[in-house]
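Report on one structure; see the data block that follows.
Hydrogens, waters and symmetry mates are skipped; everything else that's a heavy atom, side chains included, is used.
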6 protein chains.
Amino acid sequence: MISHVERPNSRFRDHLDPKVSDWIAPYHPDEPFDVAMLGVPLSKTSISHSAAFRLPDAIRGSFQSYGPYNMNHNLDLSEKLRVVDAGNVQMHLTDLALCHQRIEEAVASYWQVHDAPLILLGGDHSVTGAAVLGLTQATKGTYGVIHFDAHHDVRNLEDGGRSNGTPFRTLLSSGALLGKHVVQIGLRDYVNAKAYYEYVVEAGVTVVTARQVLHQGLEGVLDEAYRIASKDTDGVYVSFDMDVLDQCYVPGVPAPGPGGLTVFEALEALEWLGAKKNVQMMDIVCADPAQDFRDLTTRVAANVVLSFLTGVALRHAG
Amino acid sequence: MISHVERPNSRFRDHLDPKVSDWIAPYHPDEPFDVAMLGVPLSKTSISHSAAFRLPDAIRGSFQSYGPYNMNHNLDLSEKLRVVDAGNVQMHLTDLALCHQRIEEAVASYWQVHDAPLILLGGDHSVTGAAVLGLTQATKGTYGVIHFDAHHDVRNLEDGGRSNGTPFRTLLSSGALLGKHVVQIGLRDYVNAKAYYEYVVEAGVTVVTARQVLHQGLEGVLDEAYRIASKDTDGVYVSFDMDVLDQCYVPGVPAPGPGGLTVFEALEALEWLGAKKNVQMMDIVCADPAQDFRDLTTRVAANVVLSFLTGVALRHAG
Amino acid sequence: MISHVERPNSRFRDHLDPKVSDWIAPYHPDEPFDVAMLGVPLSKTSISHSAAFRLPDAIRGSFQSYGPYNMNHNLDLSEKLRVVDAGNVQMHLTDLALCHQRIEEAVASYWQVHDAPLILLGGDHSVTGAAVLGLTQATKGTYGVIHFDAHHDVRNLEDGGRSNGTPFRTLLSSGALLGKHVVQIGLRDYVNAKAYYEYVVEAGVTVVTARQVLHQGLEGVLDEAYRIASKDTDGVYVSFDMDVLDQCYVPGVPAPGPGGLTVFEALEALEWLGAKKNVQMMDIVCADPAQDFRDLTTRVAANVVLSFLTGVALRHAG
Amino acid sequence: MISHVERPNSRFRDHLDPKVSDWIAPYHPDEPFDVAMLGVPLSKTSISHSAAFRLPDAIRGSFQSYGPYNMNHNLDLSEKLRVVDAGNVQMHLTDLALCHQRIEEAVASYWQVHDAPLILLGGDHSVTGAAVLGLTQATKGTYGVIHFDAHHDVRNLEDGGRSNGTPFRTLLSSGALLGKHVVQIGLRDYVNAKAYYEYVVEAGVTVVTARQVLHQGLEGVLDEAYRIASKDTDGVYVSFDMDVLDQCYVPGVPAPGPGGLTVFEALEALEWLGAKKNVQMMDIVCADPAQDFRDLTTRVAANVVLSFLTGVALRHAG
Amino acid sequence: MISHVERPNSRFRDHLDPKVSDWIAPYHPDEPFDVAMLGVPLSKTSISHSAAFRLPDAIRGSFQSYGPYNMNHNLDLSEKLRVVDAGNVQMHLTDLALCHQRIEEAVASYWQVHDAPLILLGGDHSVTGAAVLGLTQATKGTYGVIHFDAHHDVRNLEDGGRSNGTPFRTLLSSGALLGKHVVQIGLRDYVNAKAYYEYVVEAGVTVVTARQVLHQGLEGVLDEAYRIASKDTDGVYVSFDMDVLDQCYVPGVPAPGPGGLTVFEALEALEWLGAKKNVQMMDIVCADPAQDFRDLTTRVAANVVLSFLTGVALRHAG
Amino acid sequence: MISHVERPNSRFRDHLDPKVSDWIAPYHPDEPFDVAMLGVPLSKTSISHSAAFRLPDAIRGSFQSYGPYNMNHNLDLSEKLRVVDAGNVQMHLTDLALCHQRIEEAVASYWQVHDAPLILLGGDHSVTGAAVLGLTQATKGTYGVIHFDAHHDVRNLEDGGRSNGTPFRTLLSSGALLGKHVVQIGLRDYVNAKAYYEYVVEAGVTVVTARQVLHQGLEGVLDEAYRIASKDTDGVYVSFDMDVLDQCYVPGVPAPGPGGLTVFEALEALEWLGAKKNVQMMDIVCADPAQDFRDLTTRVAANVVLSFLTGVALRHAG
Ligand SMILES: [Ca+2]
Ligand SMILES: [Ca+2]
Ligand SMILES: [Ca+2]
Ligand SMILES: [Ca+2]
Ligand SMILES: [Ca+2]
Ligand SMILES: [Ca+2]
Ligand SMILES: [Ca+2]
Ligand SMILES: [Ca+2]
Ligand SMILES: [Ca+2]
Ligand SMILES: [Ca+2]
Ligand SMILES: [Ca+2]
Ligand SMILES: [Ca+2]
């Protein structure tokens, strides 16, 4: 026996300081849980060069550094919630349509069996199109969407197929979503075509620009957004594109830009939404660990997910 | 004929999503326009090592990604404004005094023929000295200046000649500008010599520190600044040094520092000023694409220019 | 004699623009001064890989660019304060316990002779443990501490000895500090173990999270913190961990994270505290120049120190 | 008219120093030429994350810095060769099979009309599979291949479809190429599966490792390779994967590794092959400008292409 | 059951392409093996700031990309050798003397039970001092050392204790090694003090500079080195400091420099030595993944280890 | 007195390991010396953006890490040579012609008083033009030049004045140098205009390409070069442009490229030339610390200077 050895990839451990990675368990279909996470490592469907496919594992990596204790609520998440990690949807190397089909089927298969909130770790925003299709197909329900993004993501499908620029076009044009159930928050000037603004407005989507958030405060915006998205729906899907944040917080998104939301707004919004019982799915997309600086963007992503989990824990705690 | 080919340097195009680069046309002296842009790629005159000479072309490059639609005003700039790009003033490789002379002559030649607002894309701040000289020489007018900067830029001329540290010394000491028509906004502690603070105050310049902007709000500051700069003058020149912003927004300026304006303040200020009919020139200077991270600073610069253009469009729209 | 030569490492000098490095003088035990600085280049005691040992000399380097003039107070620090630099405590290459002992002895030796405020330039946070021990040992006094940090820094001492995660454990458990005299400001969710939150609360420490600062404003928090730390004590020690700031301001701290204080809050807080006559020591720790981008984090650190000096000057000016 | 202006993106010009970009002309089907270049910006088909799709335009960019004069042969390429640039094959955003089909059709359409040597600028190595199919389909000829690579590139097609790991599997298994006409040069240890070594050997491919090149010299290897590839064939295709070079020369290839060829070997080999009249196509693949340092890898790629052109010029000069 | 999922951190797999990480098994004391690897993640003992403690896990990470097939010998290492990974010696956070003691004990415990060759993955060079002490203490044997390094590593122990600059001082001065059994290969000008050159020469060490290797060829040098190190000894220890290579191959070593060995020389030397039956231990030290570019240095380190394993396999194959 | 303190910017010192920076003394006109160094921090005269002005101080910085002991010659340079550092020629911020004039005057003033070899630390290559003018003007002598460079540096003077592309045009066209006394070594294809090749050949300059060096060996080339440069001249000037080396060795030169000399060739060449008694000046130019990676290029520059000093020491030792 060799003395003093430990396993590879060990790091300093403080025995009083448990980590998120100690808490989140692998998914087993037969064991109960309160929230599930599923990675969707697809980003070849991105318009710009993106390694967002690395984000799910990057977030998991950062969960080795974060702990489950929320000081502001004096809440140990690990005491309130059983969270499971179902792994990643397996992508095909070259057949991107097959990738979308697998995501759709994976999400559908989840909702055929489970009813706990599901968090998707993207990937680029094209995964949302597939995910909502899987959700609606499995449940036959009607859903509202609260979509944080600098962009509408309703590009036409002729110019390049289903990409990270098209998820809401896919969903609105197919009838999988109705515009009146959709709220887009954080839109910006000069990065959206007028044609697409007009498209979403005609479809009945509610649009709130980042500048409106700055001047009105996010609190009222959220109240109204939740009211719209949960009215006459079977549930709410929250889709969080990391580029909704000002570029100073997320240097590693594929399309950074100035004039976005603050990181505190995002963290508090996701906590608030996580606490809403109608919210059944959340995704986080479009951060590229390969273009990041010191994992700053991944750190924000991990905090966004943890804030959402805190919200869900508050449902249980409440 | 070879099938399926397109020109080099093509990128993905969405046929419903026009870009700023599609909109802005090359300058032709005989064709009417509403706003002109002129690059001034000079930065060998900088005190610190700077590639700000690359900023004009970097901003143009980012105009291939930005579009002319302003959602907050539901305004398609391309429908309201004809904007032309006159190219760059040609610099000499080693004769820097000649560079300043050419800038002065280029600006003077513009105002001898045109009267539409002119945007200069610097370059370092020494270009402002030359530009204001060209303007006043061509028009024989009196001008007010609103100068966004962390620094006074009134260094003495003995220690190094006309550099990016001296434009307002050149202008105030020559009488090209009167201090009572000048407002400096965004000044910071520890990066300005007391002697220069005293110089500008004695010259009658109005000084507003970044910290004052934080506590008083930019709105009132701007109102007062415009009142001062337009009082008894023939027009207003807005000079925007990118380092007026907090370093978290502009990692690529040659002299970054904490305690500056926010990017939303800058965007809204330039839009507000663009809408003022007395504002005849604007420049943007002192961002160095070679020291940037993921073009974040260039992205801010492009948004500042677009915000100013939105303001000008609002003049026309109003 | 060779013509036109100047010394190595010269840079452009404007004869009207003195620098902080011109003002701060080397420490001589027999010459009077108002504030002393002492570098503590230790970071092998850090949990994560850190070159914070380079911070003292990095701050000094940036003092060649900053000047002593505070525009907001129209105050030339160099006219108000004599500041001396005592150099760095010499570290041992491999004996880290000896390093702590030397820091303790250096601080103790200082207070045995001097009574002017002392600024420590860390280094990692373990230096605070040694410094407070040196201070209390030399003066036999009772001290309050205002501790800016995202973290409690009260890890157990069994798992790794005296590291940057343990200074307040060392001090509270030894009785060198009493919890009722300690205020921690800026704590964050998910980066502190519940066990340590409970430990500090039981010890009587006052805890203010970063999110509380966001919603309550730092002004009131500071008033209360100073009241607590100065009540029944012989003086106040301010310890500033750079990671208390949001990661967008300090990309170069070893443990960056979202949801922190703003840089203006930090600068104004340190100025306010510097002006309090009971504040006798200040330290700044845990910024790593080797992981920084364009010295942005060092620039913040230098501004924090200068803000504190401005505060001290205001004592004298007041 | 504005004085002293020049067009955007101008750079310093020495009127006696013409550039490659001045020499290479756009392709027009009706104008004669000696060599054509065609960009193939596809790399979503890569196994590892790769922006090799940027290589064609990156090489073109570097042609603005290189000139057509070869000093070692005292040869002005621009006097000997008319070279045209046909642009890039247009890629589809999400349908990667369609991308391969377009490449195949583009190459086929070329050979249906022209008979001058054709240089493909990749892209990843999957483009070679499509290119050779296009060539053989258009000409109904039999071709030899000299393939510089650290890897066999004969992965099975079941695990991920036609990727940068499979071009020679596609070609050998379809009968488009016969192994006896193929020479692979530069193979390395530990990055090729035994199963694939055995596959190519059984197919009759000639294999020369990088280590054999080191000890035997490239000259003899090339002689033999050309003999094999031109024996009983209608022409020779040279495929150059940049990772055949030792990683010290090409830090920007997706799969760098030690123990490769030297850059002088590559430059001299391509010149030698370019001079062979049977060589009808050449491609260069698998360098990723996004992962490069100071364009070092792109610079090598550009020199490789210029060396090949020098070879072709020597055919004409000879 | 969720469809299409795979475990986190999966990557593309080709079922015909096994990887080194598939082959190397965890160490179990009771299962037979041919070679063992042991990580020694210590680098706080380095003179310059070094994260060489990350090298063991970095090499393991790269073993997920490399395969066990050596083409030059047509040898599948996985068929010839059972290699086990014993994990890492656990380091203490702040007690560096304890770290050395644990390394010594770990190595000693290994040799008390096993007699297969052992590969240490450092860490900095101080680990060699502890390792040789452990080896000699456990076996009571006499060992020769072949030491590849730009440096003598015989600094005095007074100035900083046992650091990466002192391992051979520790060993020679304690008598654990005799100079006549030691050969140092790759020494360079200007990075070794004359005093230390004289020390090793007086101790009887054989010194071969990098420049001598350039002019004499490594083959003869190795023959002589092995003859010296194996003469009158019970075994040979090969210590490989990555900085023996020219900096163009190893940008990530803490002390890079020009004028070193080539990477082919290193790979062939380690293979040759691995094949010698007297060689019982090998270590690889002083590469810092945190300062590397695109893992280039780690890639070399992994290839050096694989070359040594190929050598050992050749013992078995021979 | 504060205990345990040392001066700022101290680093670990081994008392047996003196450094080059301990050895080289400041220049005093009245104290004897064997070699002088003079920094020439000018690079605003460069065609491409260059911070080569930082090279003199960067080399000095690296002299804190290198020692004066040459192992290959068992020679302690500090025992053989008194070397002095005269500091830097002071540059003007904006008047570049004045900069050249000062360099010329500084060099002239040196040779009016001293006759020991002088090493210039550039700066860009334009400094050589000024330096040779200063030398010839002061001594009225005739000089030979051995010029290591990838480029001829004889651009016309009309297009941009005296830049880093023109020094030998300035010198040859003015008659300060005769072509028959000049040898250029290391020229490359595609980076020199045919017109300039013809210019130097017509002027009688001897040209040796890098590829000729590869095939002929540097030894013979050097013999011949020294013969030419010293024939009928009063001394030899060696000018070393760092870009003569292959880009793998010098990633930080402004114009890196493949196909250059090896670093061992450079080190041995400069040592060989340093040993020649006719060699009176040497310069090293065109490395940009701001574009380097881990100071690799500065390290090479420092070794080149030390190799030259070793050569000079061998004159004394011989
Ligand atoms: Ca989106
Ligand atoms: Ca978006
Ligand atoms: Ca300015
Ligand atoms: Ca400024
Ligand atoms: Ca702390
Ligand atoms: Ca902290
Ligand atoms: Ca390949
Ligand atoms: Ca390859
Ligand atoms: Ca060593
Ligand atoms: Ca070493
Ligand atoms: Ca040159
Ligand atoms: Ca050159």
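Checked options F:Pro256, F:Cys248, F:Pro258; the residue passing with D:Leu296 is F:Pro256 (criterion: side chain to side chain contact (heavy atoms under 4.5 Å, CB included)).
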Are F:Tyr197 and D:Asn74 close enough, and set up right, to give a side chain to side chain donor-acceptor pair (under 3.5 Å), and what steps lead you there?
CA-CA 9 Å; F:Tyr197 175 75; D:Asn74 191 16; 5.2 Å; no
Using the side-chain contact (heavy atoms from CB on, under 4.5 Å) rule, take D:Leu75 and F:Lys194 through it: C-alpha gap first, then chi angles, then the decisive distance, then the call.
CA-CA 8 Å; D:Leu75 191 67; F:Lys194 186 182 185 186; over 6 Å; no
side-chain contact (heavy atoms from CB on, under 4.5 Å) evaluation trace for D:Met71 with F:Gln212
CA-CA 11 Å; D:Met71 195 183 296; F:Gln212 289 174 317; over 6 Å; no
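Contact tally against chain F (heavy-atom pairs below 4.5 Å) for D:Thr262, D:Asn303, D:Asp295, D:Leu267: the top residue is D:Asn303. Ranked by heavy-atom pairs under 4.5 Å with chain D, the list F:Asp246, F:Asn156, F:Val191 is led by F:Asn156.
Atom CG in F:Leu214 sits 6.0 Å away from atom CD in D:Glu268 (nearest 0.5 Å).
Remark: side-chain polar atoms of D:Arg294 are paired, donor with acceptor, to backbone N or O of F:Pro251 under 3.5 angstrom.
When only modelled atom types and interatomic distance are considered, F:Asp189 and D:Tyr66 share no side-chain donor-acceptor pair under 3.5 Å. F:Gln247 and D:Arg299 form no side-chain donor-acceptor contact under 3.5 Å, judged by distance and modelled atom types alone. Counted by atom type alone, F:Tyr190 and D:Ser65 present zero donor-acceptor pairs between their side chains at under 3.5 Å.
A salt bridge links F:Arg155 to D:Asp17: at least one charged side-chain nitrogen sits closer than 4.0 Å to a carboxylate oxygen.
Only the side chain of D:Val263 comes within contact range of chain F, with heavy atoms under 4.5 Å apart.
Using a 4.5 Å heavy-atom threshold, the side chains of D:Asn72 and F:His215 count as separate.
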